[in-house]
Colleague: 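Sharing a structure here in structure tokens format.
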Amino acid sequence: MKRIICLFVAVITITAAASAQQKGEKYLGGSLGVATTTSIANSTSATSFGLSLAPEFGYFVADKFRISASVGYGLETANRTDPVTHTITVMPELAYYVRLADNFYYTPSFHFGFACGIAGKTEMTNSFAMPGFGVGLSLGAFEFRPTRKFGVSFSLLSLEYVFTSYKGDYLKYNHNGISFRLGGSSTIGLRYYF
């Protein structure tokens, strides 16, 4: 009798885990991100604030393996004298789902993206464009699915490489950067599965 009960529980568990991210499953959703950064150089500190919103579509190409794409809008400001920078991003992503507990998944992902932005007037230039790209790993990404149709995703830890190019009336500047983000650039998202 014990074996039958254990087998029954194992079958139910495997079926529930597989049904949560089966091949062919799709979702529509979006994410909201908030970022704050403080940097200190030569006894001077500067704080920047960013906000992003990105609608997203995802598709499971295999059990537990998802591809998705988002188109996002973001704004960032460093202080009252600097202009607000507006960006549009396109970001494909590949993720793998690891079940940690009932309806709770670890979802590490690889993403890459392209961005273009415009800032307002500064002392050096009237405006500048920021074409750029980036690649990254979201190592602290998770998803909770309270029901079969809805999911809540959040990311707390990412490692990224970003290249941006600034151009304006009197300015041309390329920037390469590697960033390690923990907590300061968190995102939360909602997903509807169908």
Colleague: What pairs with Tyr106 under side chain to side chain donor-acceptor pair (under 3.5 Å), at least two apart in sequence or on another chain?
Modeller: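 Listed in chain order: nothing, the list is empty.
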Colleague: Taking side chain to side chain donor-acceptor pair (under 3.5 Å) as the definition, give me every residue that meets it alongside Thr107, ordered by chain and number, with sequence neighbours left out.
Modeller: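 Testing Thr107 for side chain to side chain donor-acceptor pair (under 3.5 Å), a comparison that skips the adjacent residues, returns none.
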Colleague: Determine whether Val71 and Phe114 fall in the same hydrophobic cluster, where Ile, Leu, Val, Met, Phe, Trp and Tyr are linked whenever their side-chain heavy atoms lie under 4.5 Å apart.
Modeller: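 In one cluster with Val71: Phe114, no.
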Colleague: Are Met91 and Ile88 connected in a single hydrophobic cluster, I mean Ile/Leu/Val/Met/Phe/Trp/Tyr linked by side-chain heavy atoms less than 4.5 Å apart?
Modeller: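 No.
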Colleague: Applying the 4.5 Å side-chain criterion to the ILVMFWY set and letting contacts propagate, would Phe154 and Leu157 be lumped into a single cluster?
Modeller: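 Per the 4.5 Å side-chain linkage, Phe154 and Leu157 are co-clustered.
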Colleague: If you define the side chain from C-beta out and look only at heavy atoms, does anything of Ser138 sit under 4.5 Å from His111?
Modeller: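 Yes, side chains in contact.
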Colleague: Ion pair present between Glu25 and Lys64, side-chain N to carboxylate O less than 4.0 angstrom?
Modeller: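 Salt bridge absent between Glu25 and Lys64.
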Colleague: Is it the case that one hydrophobic cluster holds both Leu139 and Leu100, taking links as side-chain heavy atoms less than 4.5 Å apart, direct or via other members?
Modeller: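 In one cluster with Leu139: Leu100, yes.
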Colleague: Are any non-hydrogen side-chain atoms of Leu190 and Val152 less than 4.5 angstrom apart?
Modeller: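 Yes, at least one pair of side-chain atoms sits under 4.5 Å.
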Colleague: Apply ring pair (Phe, Tyr, Trp, His ring centres under 6.0 Å) to Phe104 and list each qualifying residue two or more places apart in sequence or on a separate chain.
Modeller: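 Testing Phe104 for ring pair (Phe, Tyr, Trp, His ring centres under 6.0 Å), a comparison that skips the adjacent residues, returns Phe142.
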Colleague: Starting from Ile67, can I reach Leu137 by hopping between I/L/V/M/F/W/Y residues whose side chains sit under 4.5 Å apart?
Modeller: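 Same hydrophobic cluster.
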Colleague: Report, as yes or no, whether the 6.0 Å neighbourhood of atom OH on Tyr73 holds more than 12 heavy atoms from other residues, nucleotides or ligands.
Modeller: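 Yes, enclosed.
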Colleague: In residues 50-58, what donor-acceptor pairs under 3.5 Å come from side-chain atoms, sequence neighbours left out?
Modeller:
| unit_1 | atom_1 | unit_2 | atom_2 | d |
| --- | --- | --- | --- | --- |
| Glu56 | OE2 | Tyr27 | OH | 2.9 |
| Glu56 | OE2 | Ser68 | OG | 3.1 |

Colleague: Report yes if the side chains of Tyr193 and Thr147 come closer than 4.5 Å at any heavy-atom pair, otherwise no.
Modeller: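 Sidechains of Thr147 and Tyr193: no contact.
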Colleague: According to ring pair (Phe, Tyr, Trp, His ring centres under 6.0 Å), who are the partners of Phe144, at least two apart in sequence or on a separate chain?
Modeller: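 Not a single residue meets the ring pair (Phe, Tyr, Trp, His ring centres under 6.0 Å) criterion with Phe144.
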Colleague: To the nearest 0.5 angstrom, please state how far the CZ atom of Phe60 sits from the NZ atom of Lys23.
Modeller: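 Spacing of CZ (Phe60) from NZ (Lys23) equals 13.5 Å.
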Colleague: Ring centres under 6.0 Å, that's the criterion: do Phe65 and Tyr97 meet it?
Modeller: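 Phe65 vs Tyr97: aromatic centres not under 6.0 Å.
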Colleague: Considering residues at least two apart in sequence or located in another chain, which fulfil the ring pair (Phe, Tyr, Trp, His ring centres under 6.0 Å) criterion with Phe150?
Modeller: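 Partners of Phe150 under the ring pair (Phe, Tyr, Trp, His ring centres under 6.0 Å) test: Tyr192.
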